[in-house]
Chemist: 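Have a look at this one before I ask anything.
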Amino acid sequence: MVTLPPELLQAPELALYGEQIQARLEQERQLRDKFRSEVSAGVKAEFINGEVIVHSPATTRHTIVRMHLSLLLTTYARMNRLGLVLDEKAMISLSRNDYEPDVLFFSAPQAARIQPGQLLFPTPDFIAEVLSASTVDRDRGVKFRDYAAHGVPEYWLLEPEAATLEQHELKGSAYALRLKASSGHVRSLAIPGFEIPVRALFDPEENLACLKQLVQAGPS
């Protein structure tokens, strides 16, 4: 739960701050409605703190890493009937901002409430972002804070060039680093039983071998 700092609650200017906040949020609401009505299905764009962010085309490395995770997670979740995996064109709507994470997972209870024609999605149980030069500040900044504030239990950051994974676990209203690795295994906290080699996220042969193991093992 996010709470205001005690010093702000005691400030004599609190009501004035509130007026400014409400005015800013109303302005953003109007801009957000416009963004949602105009955004094209063929463009990856996000609405962050009143600004429309249109993303540059992704590099081959970035796309492959995203696909590696999406393929493994989708296969595992479907085989075990755990929920729904979506990727970069699924837009989640948080209290202030709209994001299109690279990979996200909804547990079965959440997935059961999602409709076939749905365009905006609620807070997921898991998010992964693949870092790039143009997104790293947001992925480690406003998204890091916003995902935590809205209760996303687990957040992965994948660094393609360094072939490194960071696994962040929600502790209270903030994330704590649970694992940073370029080898070994990672076990998800939000997706029961999902454990993979870190290298399977970055190496095509490792990814294929891991996928075969998941299929051969069957439902857990």
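Source: prediction; values computed, not measured.
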Chemist: Please round to the nearest 0.5 Å and tell me the distance separating atom OG1 of Thr74 and atom CE of Met79.
Modeler: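 Between atom OG1 of Thr74 and atom CE of Met79 there are 12.5 Å.
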Chemist: Looking at Glu7, I want to see if its CD is surrounded by more than 12 non-hydrogen atoms of other residues, nucleotides or ligands under 6.0 Å.
Modeler: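 Atom CD in Glu7 is crowded, with more than 12 foreign heavy atoms closer than 6.0 Å.
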Chemist: Output yes when a side-chain donor or acceptor of Asn97 lies under 3.5 Å from a complementary backbone atom of Asn49, and no otherwise.
Modeler: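 Yes.
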Chemist: Are the side chain of Asn207 and the backbone N or O of Ala200 linked by a donor-acceptor pair below 3.5 Å?
Modeler: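 It does hold such a pair.
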Chemist: Does Leu4 belong to the same Ile/Leu/Val/Met/Phe/Trp/Tyr cluster as Tyr17, with side-chain heavy atoms less than 4.5 Å apart forming each link?
Modeler: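 Both belong to a single hydrophobic cluster.
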Chemist: Taking the side chain from Gln167 and the backbone from Arg187, do they hold a donor-acceptor pair closer than 3.5 Å?
Modeler: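 Yes: the side chain of Gln167 pairs with the backbone of Arg187.
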Chemist: Nearest heavy-atom pair of Phe105 and Ala77: which atoms, and what distance?
Modeler: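 Result for this residue pair: CE1-CB, 4.1 Å.
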Chemist: Between Ser95 and His150, is the side-chain hydrogen bond (donor to acceptor under 3.5 Å, both in side chains) condition met? List the steps.
Modeler: CA-CA 8 Å; Ser95 58; His150 286 84; 2.7 Å; yes
Chemist: Starting at CD1 of Ile53, measure out to OG of Ser134 and round the result to the nearest 0.5 Å.
Modeler: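 One finds 10.0 Å between CD1 of Ile53 and OG of Ser134.
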Chemist: Taking side chain to side chain donor-acceptor pair (under 3.5 Å) as the criterion, tell me which of Glu169, Glu154, Glu166 meets it with Arg178.
Modeler: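 That would be Glu169.
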Chemist: Quick check: does any side chain N or O of Lys89 sit under 3.5 Å from a backbone N or O of Val43, one acting as donor and the other as acceptor?
Modeler: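 Checked: pair present.
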Chemist: Output the distance between atom OG (Ser173) and atom CZ (Arg145), rounded to the nearest 0.5 Å.
Modeler: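 Answer rounded to 0.5 Å: 10.0 Å.
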Chemist: To the nearest 0.5 angstrom, please state how far the OG atom of Ser132 sits from the NE2 atom of His55.
Modeler: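 The OG atom of Ser132 sits 8.5 Å away from the NE2 atom of His55.
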Chemist: After noting the C-alpha distance and the side-chain angles of Val85 and Tyr76, does the key distance pass the side chain to side chain contact (heavy atoms under 4.5 Å, CB included) rule?
Modeler: CA-CA 10 Å; Val85 178; Tyr76 181 81; over 6 Å; no
Chemist: Please report the shortest heavy-atom distance between Thr135 and Val130, naming the atom on each side.
Modeler: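 The answer is OG1-O, 3.9 Å.
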Chemist: Kindly indicate, with the supporting measurements, whether the criterion side chain to side chain contact (heavy atoms under 4.5 Å, CB included) is fulfilled by Tyr99 and Ile127.
Modeler: CA-CA 11 Å; Tyr99 302 108; Ile127 288 178; over 6 Å; no
Chemist: Do Arg24 and Arg96 make a side-chain contact, defined as non-hydrogen atoms from C-beta onward lying under 4.5 Å apart?
Modeler: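 Sidechains of Arg96 and Arg24: in contact.
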Chemist: Atom CG of Asp98 and atom CD1 of Ile92: how far apart are they, to the nearest 0.5 Å?
Modeler: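 It comes to 8.5 Å.
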Chemist: Applying side chain to side chain contact (heavy atoms under 4.5 Å, CB included), run through His68 and Ile64 and close with a yes or a no.
Modeler: CA-CA 6 Å; His68 281 170; Ile64 288 174; 3.3 Å; yes
Chemist: Give me the atom names and distance for the closest heavy-atom approach of Ser182 to Ala162.
Modeler: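 In this case the closest contact between Ser182 and Ala162 is CB-O, 4.5 Å.
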Chemist: Are the side chains of Ser183 and Val198 in contact, using a 4.5 Å heavy-atom criterion?
Modeler: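 In short, these two side chains do not touch, never coming nearer than 4.5 Å.
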Chemist: Kindly say whether Gly117 contributes a backbone atom to a donor-acceptor pair with the side chain of Gln115 at under 3.5 angstrom?
Modeler: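 Checking the backbone N and O of Gly117 against the side chain of Gln115, no donor-acceptor pair under 3.5 Å is found.
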Chemist: Is the ring pair Tyr155/His168 parallel, tilted or perpendicular, if the boundaries are 30 and 60 degrees?
Modeler: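 Tyr155 vs His168 ring planes: tilted.
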Chemist: Measure across Leu94 and Arg32 and return the closest heavy-atom pair with its distance rounded to 0.1 Å.
Modeler: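 Smallest interatomic distance, heavy atoms only, reads O-NH2, 2.7 Å.
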Chemist: Is it true that Glu26 and Gln22 share a donor-acceptor pair across their side chains at a distance under 3.5 Å?
Modeler: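 No - no donor-acceptor pair under 3.5 Å links their side chains.
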Chemist: Before accepting this row, confirm whether a basic side-chain N of the pair Arg199/Glu206 lies closer than 4.0 Å to the acidic partner's carboxylate O.
Modeler: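 The answer is no: the pair does not qualify as a salt bridge.
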Chemist: Same cluster for Leu104 and Met67 if Ile/Leu/Val/Met/Phe/Trp/Tyr side chains link at under 4.5 Å?
Modeler: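 Cluster IDs for Leu104 and Met67 differ.
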Chemist: If you compare all heavy atoms of Glu88 against all heavy atoms of Glu100, which two are closest, and at what distance to 0.1 Å?
Modeler: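 Where Glu88 meets Glu100 most closely, the heavy atoms are O-CB, 3.1 Å.
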Chemist: Side-chain donor-acceptor pair under 3.5 Å between Glu129 and Tyr147, yes or no?
Modeler: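 Note: Glu129 and Tyr147 side chains meet the donor-acceptor criterion.
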Chemist: Would you give the length of the straight line joining atom CD1 of Ile196 to atom CD of Gln213, rounded to the nearest 0.5 angstrom?
Modeler: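 Spacing of CD1 (Ile196) from CD (Gln213) equals 11.0 Å.
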Chemist: Applying a strict under-4.5 Å side-chain criterion to I, L, V, M, F, W and Y, I'd like to know whether Val136 and Trp156 cluster together.
Modeler: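 Result: no, two separate clusters.
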Chemist: For residues Arg66 and Val103, determine if any side-chain heavy atom of one lies less than 4.5 Å from a side-chain heavy atom of the other.
Modeler: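 A side-chain contact under 4.5 Å exists here.
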Chemist: Could you pull out the closest heavy-atom pair between Leu177 and Lys180, with the gap in Å?
Modeler: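 Closest approach of Leu177 to Lys180, heavy atoms only: CD2-CB, 4.2 Å.
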Chemist: Answer yes or no: is there a donor N or O on one side and an acceptor on the other, between the side chain of Gln110 and the main chain of Leu84, under 3.5 Å?
Modeler: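 A pair under 3.5 Å: no.
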Chemist: Does Leu165 share a hydrophobic cluster with Tyr175, counting links as ILVMFWY side-chain heavy atoms below 4.5 Å and allowing steps through other members?
Modeler: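 No, it is not one cluster - the side chains of Leu165 and Tyr175 are not joined through contacts under 4.5 Å.
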Chemist: Would Phe144 end up clustered with Val142 when hydrophobic side chains under 4.5 Å apart are linked, directly or stepwise?
Modeler: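 Both belong to a single hydrophobic cluster.
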Chemist: Quick one: does Ser93's side chain get under 4.5 Å of Arg36's, heavy atoms only?
Modeler: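 Counting from C-beta outward, Ser93 and Arg36 do come under 4.5 Å.
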Chemist: What class does the angle between the rings of Phe106 and Phe121 fall in, given that below 30° is parallel, 30 to 60° is tilted and above 60° is perpendicular?
Modeler: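 Rings of Phe106 and Phe121: tilted, 30 to 60°.
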